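Sequential numbering from 1 along the given sequence is applied to the chain's residues. Reckoned from all heavy atoms, side chains included, excluding hydrogens, waters and symmetry mates. Note that the structure is predicted; figures quoted are calculated from it, not measured.
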Amino acid sequence: MRTTPSTRRPLPAVAAVLLAAALALAGCSSGGDSGADSAAKGVAPSAADDGRGAAGGDGHAAGPGAEAATAPPKAAATHIIRTASLTVQVEDVPKALDQARTTVENAGGYVGDEDTSRDGDGRERTRLELRVPVDAYQDVLDDLEGAGKLLHRGAKAQDVTEQVVDTESRIKSQRASVARVRELMDRATKLSDVVTLEGELSSRQTELEALLAQQASLKDRTSLATITLSLSEAPVDAAGDDDPGFLDALAGGWDAFVTMLRWLAVALGAALPFAAVALLLLLVWLRVVRPRLPRRPAPAAAPAARGEEPGARD
């Protein structure tokens, strides 16, 4: 059977179309890297239009994926150093001290420094440094305030989030730096290079250890709050609110009399040695020194008046 010319003509046309498509795909693949930005710019508006179309006229998301995309970002953790000071007046300092220890230990904390003293009137005073978890910080403060009469309260909160983040970043960079120096030491072949790299490694490790110590200190102060508690005994009111009576006056007078006698006895006891020495010196003067002194002659009789003979007066 003889083929007509009309059936042979479409084959060259299809082949030409396929060749052009292959060349076009090759050109697109070769220029993909250089045109990635322009392609992204061209796709972004269409994607935005598709998003608006899928969301609807009011712009709200139409599916669970869109809700996840529009969810607000999670807030970063904050790091705060909390400190407080309390001054409480109690009736019994040892008892209040035991209660404070129990409160802090039940909260998961511990008692740090402790200083106990007595004043001139015999009243006991105690100063404690308490470390409690930040979660129980407020509850512990309330319990300590209720132990007696609150005289003073002070609280302070210091936000060190930026310092904590900066320290963590510096530690990460310093660890990477130490690792790079170690790699260079493994590759070094000259002794001079090894010595230089060892000095650099020691310096960087020292800085890394300082940063780690700073991080540990920040972690301790932000995870445990510090409470300085001062406990003092209440002064005893000896006189009371009532007016003094006869018995009170008699007791006060007797105390004053006894006190006077006691001071007189003290003064007499202090003067007794001087009196004894003075008496001894007086006896020596009278018994020994004075008898040995020369006596003065008796004064002569006055002469008789002129013209008057002795015995004329008779």
Side-chain angles (χ1 to χ4, degrees), residues 32-37 40-41 68-69 71-87 100-101 103-117 126-141 144 152-230:
D33 295 338
S34 62
D37 294 339
K41 293 179 181 179
K74 185 181 294 185
T78 57
H79 301 273
I80 299 176
I81 298 176
R82 299 186 181 275
T83 56
S85 60
L86 292 176
T87 302
R101 287 198 185 101
T103 300
V104 172
E105 291 174 358
N106 290 339
Y110 64 92
V111 179
D113 298 336
E114 179 179 344
D115 184 17
T116 302
S117 61
T126 299
R127 183 177 180 275
L128 298 173
E129 184 176 300
L130 310 175
R131 304 298 307 279
V132 297
V134 292
D135 297 337
Y137 168 72
Q138 191 60 45
D139 294 337
V140 172
L141 276 181
L144 295 177
H152 170 75
R153 172 176 176 172
K156 182 180 179 182
Q158 181 183 1
D159 190 353
V160 292
T161 304
E162 183 177 354
Q163 187 176 356
V164 170
V165 173
D166 179 68
T167 303
E168 291 177 353
S169 176
R170 292 174 61 187
I171 288 175
K172 184 177 180 180
S173 300
Q174 197 66 21
R175 282 176 173 168
S177 178
V178 170
R180 286 194 300 269
V181 174
R182 289 184 182 276
E183 291 178 358
L184 292 175
M185 288 184 62
D186 294 338
R187 300 176 188 174
T189 56
K190 296 182 179 180
L191 180 60
S192 59
D193 295 340
V194 173
V195 173
T196 302
L197 290 173
E198 284 182 349
E200 186 66 22
L201 179 62
S202 176
S203 175
R204 298 190 182 190
Q205 283 182 337
T206 301
E207 185 176 354
L208 177 60
E209 291 175 358
L211 291 173
L212 291 174
Q214 182 179 357
Q215 184 186 41
S217 176
L218 288 172
K219 183 179 180 181
D220 176 71
R221 290 187 292 166
T222 54
S223 60
L224 293 175
T226 303
I227 301 176
T228 302
L229 175 63
S230 299

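Separating the CD1 atom in I227 from the CG atom in L141 is a distance of 4.0 Å, to the nearest 0.5 Å. In this structure, CD1 on I81 lies 10.0 Å from OG on S223, to the nearest 0.5 angstrom. E114 contributes atom CD, which lies 10.5 Å from atom CG of L229 (distance to the nearest 0.5 angstrom). Here CD of E198 is found 10.5 Å from CZ of R182. Values are rounded to the nearest 0.5 Å. In this structure, the separation between CD on E129 and CG on D115 is 12.0 Å, given to the nearest 0.5 Å. Rounding to the nearest 0.5 Å gives a distance of 10.0 Å between CG of D186 and CG of L197.
Contact between V134 and A225 at its shortest, heavy atoms only, is CG1-N, 4.1 Å.
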In sequence, state the C-alpha distance, the side-chain angles, and the governing distance for L212 and I171, and then conclude on side chain to side chain contact (heavy atoms under 4.5 Å, CB included).
CA-CA 7 Å; L212 291 174; I171 288 175; 3.8 Å; yes
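Residues satisfying the side-chain hydrogen bond (donor to acceptor under 3.5 Å, both in side chains) criterion with R153, sequence neighbours excluded, are E145.
Evaluation of the side chain to side chain donor-acceptor pair (under 3.5 Å) test over residues 200-217, restricted to residues two or more places apart or in two chains, returns S177-R204, E200-R204.
Formation of a donor-acceptor pair under 3.5 Å by the T196 side chain with backbone atoms of S192 is found in this model. With hydrogens and angles ignored, the 3.5 Å screen pairs a side-chain donor or acceptor of R131 with a backbone N or O of L224. A donor-acceptor pair under 3.5 Å links the side-chain atoms of T161 to the main chain of H79, judged by distance alone.
Counting heavy atoms from C-beta on, the side chains of V104 and R101 never come closer than 4.5 Å.
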